[in-house]
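The structure appears below as structure tokens.
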There are 2 protein chains.
Amino acid sequence: MSTGDTGVSASLHDHRLPMPVPVGEYDRCPVTDVLRRVSDKWTLLLITLLGRHPHRFNELHRAVEGLSPRMLTRTLRVLESDGLVEREVFPTLPPSVEYRLTPLGASLLEPLSALAEWAVAHHAEIVAVRQRTA
Amino acid sequence: MSTGDTGVSASLHDHRLPMPVPVGEYDRCPVTDVLRRVSDKWTLLLITLLGRHPHRFNELHRAVEGLSPRMLTRTLRVLESDGLVEREVFPTLPPSVEYRLTPLGASLLEPLSALAEWAVAHHAEIVAVRQRTA
DNA sequence: CTGAATCCATGTCGATACTG
DNA sequence: CAGTATCGACATGGATTCAG
């Protein structure tokens, strides 16, 4: 890299990342932005389910215990507005709506599973430390 | 996988993951748990900085514009209680404290950068869709 | 079946001031 | 230097009720 080590522009690994975040614009850090979207309560689970095959609204509703229609709709709408999920309405009676991952959404599965793999491998250790500290 | 396709135990990619989350215990999904910890406002940035080399409290404070001592302490404490960051106090006068990544914390850098790479590659597209939807 | 509307509890974060 | 204490604003998520 031509750029010197001034400032805090930081690499996680060997990639240059657009950090630090300018004042008041932390939401413009792409990584944190994506992270925040994916880490809310139901998003990861829904992405995972839709990664297997398309689902109808009530399929998702029934599949995820504890997920209310309100939160399901809300979460799907965010996913849709980020271009990760696609919504298709079939004008049947009663109506049915199908949700599927877009190519963009599907492309997220791989990096997510890298992190998922790390999480399942190390979660026990984290929990152990957490309790010792508590 | 011996288990059939009943239930919603889901794979992100080709890994079996401990989903779905039982009612009221979504915090026991390792992946979402890790995701939520890493995705708060300052954590990723601090992990990134500490991934380069150990830092003293005020070094971090000066490095990150907009980060208050309160949030810096808070974020570091969580990281510490999860075993990702180590805190070492030097009983000098005035006191100085150094923070560094633990091996566990360092091991997180690689899966994180996979996601980071995806984020920088696709964030523009997400933002574009987001605005079109808005 | 696929939602929308309303209200409320809790969590996250910032601002400000103070301390060993 | 390296924090703590207090307060309040805003975001997230749940419960309940209603609708096309």
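The chains referred to below are lettered A, B, ... by the order of the sequence lines, with proteins before strands, and numbering in each begins at 1.
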Out of C/dG14, D/dG14, D/dG3, minimum distance to the side chain of A/Met71 belongs to D/dG14
Taken to the nearest 0.5 Å, the spacing of A/Arg130 CZ from A/Glu125 CD works out to 12.0 Å
Starting at the 5' end of DNA chain D, which residue's closest nucleotide do you reach first, B/Arg62 or B/Thr73?
B/Arg62
Using every non-hydrogen atom in the two residues, find where B/Ser107 and A/Trp118 come nearest and quote the distance to one decimal.
OG-NE1, 2.9 Å
All N/O contacts under 3.5 Å from nucleotides 15-17 of chain D to the protein, with atom names and distances to one decimal?
| unit_1 | atom_1 | unit_2 | atom_2 | d |
| --- | --- | --- | --- | --- |
| D/dA15 | N6 | A/Arg70 | NE | 3.1 |

Send over the distance from B/Leu60 CG to D/dC1 C1', rounded to a whole Å.
13 Å
Residues forming a salt bridge (charged side-chain N to carboxylate O under 4.0 Å, His left out) with B/Glu59, sequence neighbours excluded
none
Measuring to OP1 and OP2 of D/dA11, would you say a side-chain N or O of A/Arg74 lies under 4.0 angstrom away?
no
Once rounded to the nearest 0.5 Å, what's the spacing between atom CD1 of B/Ile47 and atom CG of B/Leu79?
5.0 Å
Take the protein atom CG of B/Leu45 and the nucleotide atom P of C/dC13, then report the distance between them rounded to whole Å.
13 Å
Contacting residues from residues 83-95 of chain A, given that a heavy atom lies under 4.0 angstrom of DNA chain C
A/Arg87, A/Pro94, A/Pro95
Look at B/Arg36 and C/dT12 and indicate whether a side-chain polar atom (N or O) is within less than 4.0 Å of OP1 or OP2.
no
Angle between the end axes of the helix from C/dC1-D/dG20 to C/dG20-D/dC1, five pairs per end, to the nearest 10 degrees?
50°
So, is B/Tyr99 near the phosphate of D/dG3, with a side-chain N or O under 4.0 Å from OP1 or OP2?
yes
Just verifying a value: how many Å separate B/Leu76 CG and B/His55 NE2, rounded to the nearest 0.5 Å?
11.0 Å
Start with the C-alpha gap between B/Val129 and A/Thr102, add the side-chain angles, then the distance that decides, and say whether side-chain contact (heavy atoms from CB on, under 4.5 Å) holds.
CA-CA 12 Å; B/Val129 177; A/Thr102 62; over 6 Å; no
How many Å lie between CD on B/Glu65 and C1' on C/dG14, as a whole number?
16 Å
Taking it one step at a time, do B/Val31 and A/Thr48 satisfy side-chain contact (heavy atoms from CB on, under 4.5 Å)?
CA-CA 11 Å; B/Val31 187; A/Thr48 302; over 6 Å; no
Looking at residues at least two apart in the chain, or sitting in another chain, which of them share a side chain to side chain donor-acceptor pair (under 3.5 Å) with B/Ser81?
none
If you check the B/Asn58 side chain, which of C/dG14, D/dC1, D/dG13 turns out closest?
D/dC1
Gap between atom CG of A/Leu46 and atom CG of A/Asp40 - 0.5 Å precision:
9.0 Å
Nearest-Å distance for atom pair CG/P, residues B/Asp40 and D/dT12
13 Å
What pair of heavy atoms forms the shortest contact from A/Val89 to A/Pro91, and how long is it?
O-CD, 3.7 Å
Nearest whole angstrom, please: distance from the C1' of D/dT12 to the CZ of A/Arg77.
18 Å
Nearest of C/dG14, D/dA2, C/dT2 to any side-chain atom of A/Arg56?
C/dT2
A/His55 NE2 to C/dT2 C1': how many Å, rounded?
16 Å
Between P of C/dA15 and NE2 of B/His61, the distance in whole Å:
12 Å
Can you measure B/Trp42 atom CH2 to C/dG11 atom C1' for me and round it to whole angstrom units?
18 Å
Smallest heavy-atom separation, A/Arg36 atom then B/Ser39 atom, equals CG-O, 3.2 Å
Tell me, which pairs form a ring-ring contact (aromatic ring centres under 6.0 Å, His included) where one or both residues lie in residues 61-110 of chain A, sequence neighbours left out?
none
